[in-house]
2 protein chains.
Amino acid sequence: MSIRLVIADDQALVRGALAALLGLEPDIEVVAELGDGTGVAAAVVEHSADVAMLDVEMPGLDGISAAAAVRRAAPSCRVLMVTTFGRPGYLRRAMLAGASGFVVKDTPARQLAEAVRRVHQGLRVVDPVLAAESLTAGDSPLTEREAEVLKAASDGGTVADIAKSAMLSEGTVRNYLSATMAKTGGRTRAEAVRIAEDNGWLL
Amino acid sequence: MSIRLVIADDQALVRGALAALLGLEPDIEVVAELGDGTGVAAAVVEHSADVAMLDVEMPGLDGISAAAAVRRAAPSCRVLMVTTFGRPGYLRRAMLAGASGFVVKDTPARQLAEAVRRVHQGLRVVDPVLAAESLTAGDSPLTEREAEVLKAASDGGTVADIAKSAMLSEGTVRNYLSATMAKTGGRTRAEAVRIAEDNGWLL
DNA sequence: AATGAGGGATGACAAATGTCATGCGGCGCT
DNA sequence: AGCGCCGCATGACATTTGTCATCCCTCATT
């Protein structure tokens, strides 16, 4: 009996190409393709899928949240995350959300089908380089509010803009930003944003 | 006789998947897959390819430069650019570099093979939405130095950092940044960076 | 020869940013 | 009850930015 697979990726070209690639495998059957995370759990249930392959970066519901939704709706369905960026924080969060595997998009195409088979068998699939990074990088040092403020700062607005969007006093915003800079080791606000993004501490 | 195709994309998974997708077409033959832009022109010549499908964002030689190299080395080979980001500036620069087509990665997978066939026939393939944006957005207003300084600023360093990396006086750096902010309409340095990136004025 | 644009620089000034101390109330832990 | 962390806020302060005027030099255009 073949593995029933659901694929979610926001880039239609990539989504279709992955479906084509995996559809070539005799033991894999692609039963649904989605462009965002919102309908994934429902699709998994509807098609009684065995494995869901999810991109982390998606509009609407992000991959991590979608993974959690899938686990809740269909505990027997394994989740394999596929992402462009090997952010350590993504890996950790994906695992906490119940994912069984995590591969980055520059792993060889040959290994993808194998990864699908492994997670289907209940094994865990994790890029070893990433796993190591994830251990050394540690969890996010930012508090919820700090992350929120930093995220609001990530599009380059002024303190006044951020204060307005977060309903905070300007002084408070500066305090939070100062804290994020101290915790990330960044010397400027922009640097703190970059570091936090690279580690997957925002989202 | 089938269309001989060279594919270059830095994400191995995507590259392999695209190859699989297009390999299914009876009239297309994937003769080479590359992970960066440096070897593309040579590969095109070696395999006497008809069409080269290039990603814009690649390590080493970027897709635009690779496109130019292909046109120089094998004028008979058409170039189809494929990119994640529909930056207006990318489209313009790609066309100037001699590309025949430009598609973004969220176009439906079905249309990709058709795009390859069209450029092979000497037709131009351009996402109409993008083409319109490209016209309204206009060319980059930034001078070479301004773009260089703004790029140096894009990782969040201080003025002193930028000055050092560009071998300029700090005052001059501030003047250039001020100019970029005026030209992009950004109210802060970070905003100017974002706007310039979104328009494809950096790179 | 004159004009203008771009690269490079200085100095001065106003505004924004980053830092720090300090305060308060709430929540969880021991 | 006390301690510490977090959320939120103020106020003061030193830096860093962003803005502007002004200067020099070069090169291409007129």
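Residue numbering restarts at 1 for every chain, and letters A, B, ... go by the order of the sequence lines.
Minimum heavy-atom separation, A:Ala192 to A:Leu150: O-CD2, 3.9 Å. The heavy-atom pair separating A:Val159 from A:Arg174 by the smallest distance is CG1-CG, 3.9 Å. Between A:Ala49 and A:Val6, the shortest heavy-atom contact is CB-CG2, 3.6 Å. The two residues A:Thr83 and A:Asp55 come nearest to each other via the heavy atoms CA-OD1, 3.9 Å.
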Filtered N/O pairs between nucleotides 10-16 of chain D and protein, under 3.5 Å:
from	atom 1	to	atom 2	distance (Å)
D:dT10	OP2	A:Ser169	OG	3.0
D:dT10	O4	A:Asn175	OD1	2.9
D:dA12	N6	A:Arg174	NH2	3.4

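When atom types are taken as modelled, the side chain of A:Arg87 and the backbone of A:Glu197 share a donor-acceptor pair closer than 3.5 angstrom. Of the possible polar contacts, one joining the A:Arg4 side chain to the A:His47 backbone as a donor-acceptor pair under 3.5 Å is found. Side chain of B:Glu146 to backbone of B:Thr143: a donor-acceptor contact under 3.5 angstrom is found.
Nucleotide C:dC20 holds its P atom 11 Å from the CE atom of A:Met181, rounded to whole Å. Distance CZ (A:Arg187) to P (C:dT17): 18 Å, rounded to an integer number of Å. Distance B:Leu177 CG to C:dG7 P: 14 Å, rounded to the nearest Å. Whole-Å rounding puts the B:Lys183 NZ to C:dG6 P distance at 6 Å.
Side-chain contact check for A:Arg117 versus A:Glu25: some heavy-atom pair is nearer than 4.5 Å.
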Please test A:Glu33 against A:Val30 for side-chain contact (heavy atoms from CB on, under 4.5 Å), starting from the C-alpha separation and ending with a verdict. CA-CA 8 Å; A:Glu33 295 181 34; A:Val30 179; 4.2 Å; yes

Could you go through B:Leu21 and B:Leu112, starting from their C-alpha distance and side-chain angles, then the distance that decides it, and tell me whether this counts as side-chain contact (heavy atoms from CB on, under 4.5 Å)? CA-CA 9 Å; B:Leu21 178 72; B:Leu112 185 60; 4.2 Å; yes

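Annotation: proximity of residues 141-155 of chain B to DNA chain D (heavy atom, distance under 4.0 Å) is found for no residue.
Rounded to 10°, the angle separating the first-five-pair axis and the last-five-pair axis of the helix from C:dA1-D:dT30 to C:dT30-D:dA1 equals 30°.
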